[in-house]
Amino acid sequence: QVQLVEAGGGLVQAGGSLRLSCAASGGTFDFYTMGWFRQAPGKDREFVAAIAWNGYNTYYADSVKGRFTISRDNAKNTVYLRMNSLKPEDAAVYFCAADDTRDGSRDPSAPFAYDYWGQGTQVTVSS
């Protein structure tokens, strides 16, 4: 059973930065497409970023493009989300997710593409 544990959330002022991490265990991390999603109160879960198993292909929501960077360290079974120039509208619970289909056939921006989810980490941005 794959387990995903997020860390790195917290309170930051608008314009500040945070780096989230997601550590995976119990599976073959090297083959997973990894994604970050977020959910604010009263809103649907939305796609933030994703990265293919090899780290070469990355995908971003338009709202975070140029501010957020997703990366992974397969030796550490960890995926990261570097968030710069944070805005109050970035405040949400951030979740990491793993797609273990290993063939890249699923849409990396779709929540239903992912088989495993973490518990989430809260990001709060003060204005």
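All values below come from the heavy atoms of this structure, side chains included, with hydrogens, waters and symmetry mates left out.
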Test log, rule side chain to side chain contact (heavy atoms under 4.5 Å, CB included), inputs Asp115 and Val2 | CA-CA 9 Å; Asp115 303 285; Val2 175; over 6 Å; no
Using only heavy-atom distances, determine whether the side chains of Ser17 and Asn84 contain a donor-acceptor pair under 3.5 Å.
->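 The answer is yes; a qualifying pair exists.
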Check the side chains of Asp99 and Thr101 for a donor-acceptor pair under 3.5 angstrom, ignoring hydrogens and angles.
->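 Result is yes, a qualifying pair exists.
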Taking C-beta and beyond as the side chain, do [X] and [Y] meet within less than 4.5 Å on heavy atoms?
{"X": "Leu18", "Y": "Leu86", "value": "yes"}
{"X": "Ile51", "Y": "Val79", "value": "yes"}
{"X": "Phe68", "Y": "Trp36", "value": "no"}
{"X": "Phe29", "Y": "Met34", "value": "yes"}
{"X": "Tyr80", "Y": "Cys22", "value": "no"}
{"X": "Tyr60", "Y": "Val48", "value": "no"}

How many angstroms lie between [atom1] in [X] and [atom2] in [Y], if you round to the nearest 0.5 Å?
{"X": "Asp30", "Y": "Arg72", "atom1": "CG", "atom2": "CZ", "value": "7.5 Å"}
{"X": "Asp90", "Y": "Ser63", "atom1": "CG", "atom2": "OG", "value": "7.0 Å"}
{"X": "Leu81", "Y": "Cys96", "atom1": "CG", "atom2": "SG", "value": "10.0 Å"}
{"X": "Thr78", "Y": "Asp73", "atom1": "OG1", "atom2": "CG", "value": "6.5 Å"}

Can any side-chain N or O of [X] pair as donor or acceptor with the backbone N or O of [Y] at less than 3.5 Å?
{"X": "Arg38", "Y": "Tyr94", "result": "no"}
{"X": "Glu6", "Y": "Leu20", "result": "no"}
{"X": "Tyr32", "Y": "Thr28", "result": "yes"}
{"X": "Arg67", "Y": "Ser85", "result": "yes"}
{"X": "Thr121", "Y": "Gly9", "result": "yes"}

Counting only heavy atoms not in [X] (residues, nucleotides, ligands), do more than 12 fall under 6.0 Å from its [atom1]?
{"X": "Lys65", "atom1": "NZ", "answer": "yes"}
{"X": "Glu89", "atom1": "CD", "answer": "yes"}
{"X": "Gln3", "atom1": "CD", "answer": "no"}

For the ring pair Phe37 and Phe95, is the centre-to-centre distance below 6.0 Å?
->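 Centroid distance Phe37-Phe95: not below 6.0 Å, so no.
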Where does the angle between the aromatic ring planes of Trp53 and Phe31 fall among parallel (under 30°), tilted (30 to 60°) and perpendicular (over 60°)?
->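 Tilted.
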Would a hydrophobic clustering, with Ile, Leu, Val, Met, Phe, Trp and Tyr connected at side-chain separations under 4.5 Å, put Val93 with Val123?
->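 Different hydrophobic clusters.
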List the steps, then state whether side chain to side chain contact (heavy atoms under 4.5 Å, CB included) holds for Gln39 with Asp44.
-> CA-CA 6 Å; Gln39 188 166 18; Asp44 292 335; 5.5 Å; no
Heavy-atom closest contact ([X] atom, [Y] atom, distance):
{"X": "Trp117", "Y": "Pro111", "value": "CZ2-O, 3.5 Å"}
{"X": "Pro108", "Y": "Phe47", "value": "O-CE1, 3.4 Å"}
{"X": "Ala40", "Y": "Ala91", "value": "CB-O, 3.8 Å"}

Any chance you could lay out the side chain to side chain contact (heavy atoms under 4.5 Å, CB included) test for Thr33 and Arg106, step after step, and finish with the verdict?
-> CA-CA 9 Å; Thr33 294; Arg106 295 177 178 172; over 6 Å; no
